[in-house]
> 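Sharing a structure here in structure tokens format.
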Amino acid sequence: MKPKIDCNSIKFKTWLYFILFAAGLMLVLWIMQVFLFNSAYGTMKETQTREVVRDINQSFKKHDTEKFLHEIGELSDSYDMYIYVVSYDGKTQYFSPSAEDYAKAPSFETDYSGDGTSSDSEFISKIQTLNEHMIRNNGSAYVKIEGNDKSQVILAYGGVLTLEDKEPLIVYVFSPLWPVNSTVQILTNQLVAVSIVALIIACCISIYLSTRITRPIRKISATAQRLAQGEYGIVFRGGHYTELNNLADTLTGASIELEKSLMLQKDLVANVSHDLRTPLTMIKSYAEMIRDISGDNPDKRNEHLKVIIEETDRLNGLVGDLLTVSRLQSGKMVLDISEFSLTEAVESILNTYKVMEMEQDYRIEFNCSSNYIVRGDEEKLKQVVSNLVSNAVKFSGEEKHVIVSLRKKGRYVQFRVSDSGPGIPPEELDHVWERYYRSSSNMVRSAEGTGLGLAICKEILSLHKTDFGVSSTLGEGSEFWFDAELVRTDKLNTTD
């Protein structure tokens, strides 16, 4: 089976573009060397002819007749031109091309007699034509004259050389404006060979480059297919190019994040399943006890119903916290920004713990010297305060001592809450904001709580784009804090 060529592939298009580029260069070279060669050659010969005429005039003024005629010969040989120098009356010929020069000039068809004169009627007619233009211009003249082959043009110049102490002379310069046919044929043959070799080299280079570029892309594509099949945590390999290396690094990062997300999802399912199973089991067990044992006993029935209600509330709180975390992390939660008193908000939350202070000997201190007005989402920041205070109360240890404080810190107000519990190991401080985190030092935990409180705090504070953190000392307790944007500071109302 023949391999199918994918015309849309990078490899094919890279090869095609490179070949087209090389072919385009060859086409331009062919146009310049073959089609425009005669024109370029003609322009060059015209420029050379005018330079030679200028040199002839200068030489006539500087040198005597003998040296002047010597330089005429050198110019004729150097520039492949046919120069004639005759007396003003045309009777004496001082310089003319040799027989060999005539043989090189097919357009003149000269019958050279060898005695210094030419009997060629074609040449005489060209001289006569040039003389007519010189008379018409009252001096020198440039004329383009067709040769025997109409495609071959001769640039002819005729002019009078005069000087006070010298005999006036007439100079004729004939410069063919066509290249030698053999030279054109040689250039054409060389150009054919160069074109073939250049196209072969371009084809080889394009195949090499296209393969070198597409090989790492194919590897990345194959690795991406493994990723799509659920093989997370794999590493993508780039190649020899920065862009491919950046792509591979990005995909590797995505693969690692997907692996973390999968592990987090598994942990979440396991933790939620465990936390849901416990209250559901309690509800089912106490419901069966009411049905089988305490149905006719009001005291036991009420006791069992109380447990069912508590477990139902805990289950409802767990589901609510899960929905809150999900909405926060999905970006669907929108902040309702307003200005409010953070001092009053903290006081209202601490008032709910008065019963615990009276009945369970908790000591909750609140240190605040001013009424701080802040900007933020009031309900969500109150939820953060409530979660942090609740967390401190749960882990306040045997001393049951919690300290809450508000103080100004530059353009912010800093909320702090510290407990007197067992503390958190330093290596675990970075994980306390994760969902369902359990510190290794907190071996005893209240049955209440969902394990999502600090995760919710982190998401809310991140939405506010504010700083927050935790510090802890083993055996002494922990302290959580966050900053809120300060609007103004009012006097604290101390009246009850």
Side-chain angles (χ1 to χ4, degrees), residues 321 324-325 327-328 331 333-358 362-397 399-421 423-424 429-430 432-433 452-473 476-496:
D321 285 349
T324 300
V325 171
R327 291 179 63 192
L328 287 169
M333 186 73 74
V334 179
L335 296 179
D336 182 15
I337 302 297
S338 62
E339 296 179 3
F340 66 97
S341 172
L342 182 60
T343 302
E344 294 178 0
V346 173
E347 287 178 339
S348 65
I349 292 172
L350 295 181
N351 286 334
T352 62
Y353 290 89
K354 295 293 184 182
V355 176
M356 296 183 66
E357 290 184 87
M358 291 185 294
Y362 277 94
R363 290 187 300 125
I364 301 177
E365 297 181 18
F366 180 40
N367 300 322
C368 180
S369 59
S370 301
N371 183 22
Y372 296 110
I373 308 301
V374 299
R375 180 180 288 107
D377 189 315
E378 181 176 1
E379 293 303 320
K380 291 182 176 60
L381 287 180
K382 287 174 70 175
Q383 184 177 5
V384 171
V385 172
S386 178
N387 287 348
L388 294 180
V389 172
S390 174
N391 193 69
V393 169
K394 292 174 188 175
F395 299 105
S396 58
E399 295 185 14
K400 298 182 179 181
H401 188 202
V402 175
I403 300 175
V404 179
S405 64
L406 287 175
R407 64 178 182 178
K408 183 179 178 182
K409 183 182 178 183
R411 297 184 297 109
Y412 298 93
V413 175
Q414 191 170 81
F415 169 87
R416 288 183 173 271
V417 55
S418 59
D419 61 59
S420 56
I424 304 171
L429 287 176
D430 293 336
V432 297
W433 306 100
L452 297 172
L454 293 180
I456 292 174
C457 290
K458 175 186 176 182
E459 297 299 331
I460 292 176
L461 295 174
S462 297
L463 279 178
H464 281 80
K465 298 180 181 179
T466 188
D467 293 333
F468 59 93
V470 58
S471 60
S472 182
T473 303
E476 296 182 8
S478 304
E479 184 177 54
F480 290 81
W481 60 270
F482 70 86
D483 293 338
E485 183 182 354
L486 178 63
V487 176
R488 67 179 184 274
T489 302
D490 295 340
K491 290 184 178 181
L492 187 63
N493 186 6
T494 58
T495 59
D496 293 329

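These values consider heavy atoms only, across backbone and side chains, with no hydrogens, waters or symmetry-generated copies.
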> Would you check if V402 and Y353 make a side-chain contact, meaning some heavy-atom pair closer than 4.5 Å?
no
> With a 4.5 Å limit on heavy-atom distance, are the side chains of T343 and I373 in contact?
no
> Is a side-chain donor or acceptor of S396 paired with a backbone partner of S420 at a separation under 3.5 angstrom?
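The answer is no, because no donor-acceptor pair under 3.5 Å joins these two groups.
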> Measure the spacing between CD of E344 and CD of E378 and express it to the nearest 0.5 Å.
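With rounding to 0.5 Å, CD (E344) is 9.0 Å from CD (E378).
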> Please list, chain by chain and in numerical order, all residues satisfying salt bridge (charged side-chain N to carboxylate O under 4.0 Å, His left out) with D490, sequence neighbours excluded.
R488
> Report yes if the side chains of L454 and L388 come closer than 4.5 Å at any heavy-atom pair, otherwise no.
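Yes, side chains in contact.
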> Return the CE to CD1 distance between M356 and I364, rounded to the nearest 0.5 Å.
6.5 Å
> Please list, chain by chain and in numerical order, all residues satisfying side chain to side chain contact (heavy atoms under 4.5 Å, CB included) with S472, sequence neighbours excluded.
I424, L429, S478
> Looking only at atom types and distance, does a side-chain atom of D377 sit under 3.5 Å from a main-chain N or O of D336, one as donor and one as acceptor?
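It does hold such a pair.
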> Ignoring hydrogens, what is the shortest heavy-atom contact between F340 and A345? Give both atom names and the distance.
CE1-CB, 4.3 Å
> Run the side-chain hydrogen bond (donor to acceptor under 3.5 Å, both in side chains) test against E365 and tell me which residues pass, sequence neighbours left out.
H401
> Let me confirm one number: the CG-CH2 distance from D467 to W481, rounded to the nearest 0.5 Å.
5.0 Å
> side-chain hydrogen bond (donor to acceptor under 3.5 Å, both in side chains) with S418: which residues, sequence neighbours excluded?
none
> Residues two or more places apart in sequence or in another chain: which of them pass side chain to side chain contact (heavy atoms under 4.5 Å, CB included) with N387?
Q383, I456, C457
> I'd like to check V384 versus H464 (side-chain heavy atoms, cut-off strictly below 4.5 Å). Are they in contact?
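Sidechains of H464 and V384: no contact.
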> Indicate every side-chain donor-acceptor pair of residues 403-415 with a distance under 3.5 Å to a residue at least two apart or in another chain.
| unit_1 | atom_1 | unit_2 | atom_2 | d |
| --- | --- | --- | --- | --- |
| Q414 | OE1 | R416 | NE | 2.6 |
| Q414 | OE1 | R416 | NH2 | 3.0 |
| Q414 | NE2 | D483 | OD1 | 3.1 |

> Kindly write out the residues that satisfy ring pair (Phe, Tyr, Trp, His ring centres under 6.0 Å) with F468, not counting sequence neighbours, or none if the list is empty.
W433
> E485: what forms a salt bridge (charged side-chain N to carboxylate O under 4.0 Å, His left out) with it, not counting sequence neighbours?
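Partners of E485 under the salt bridge (charged side-chain N to carboxylate O under 4.0 Å, His left out) test: R375.
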> Identify, with sequence neighbours excluded, every residue that meets side chain to side chain contact (heavy atoms under 4.5 Å, CB included) alongside S348.
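Listed in chain order: K382.
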> Could you tell me which residues satisfy side chain to side chain contact (heavy atoms under 4.5 Å, CB included) with S370, sequence neighbours excluded, listed by chain and number?
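Partners of S370 under the side chain to side chain contact (heavy atoms under 4.5 Å, CB included) test: Y372, T489.
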> Measuring from T466:OG1 to I460:CD1, what's the distance to the nearest 0.5 Å?
13.0 Å
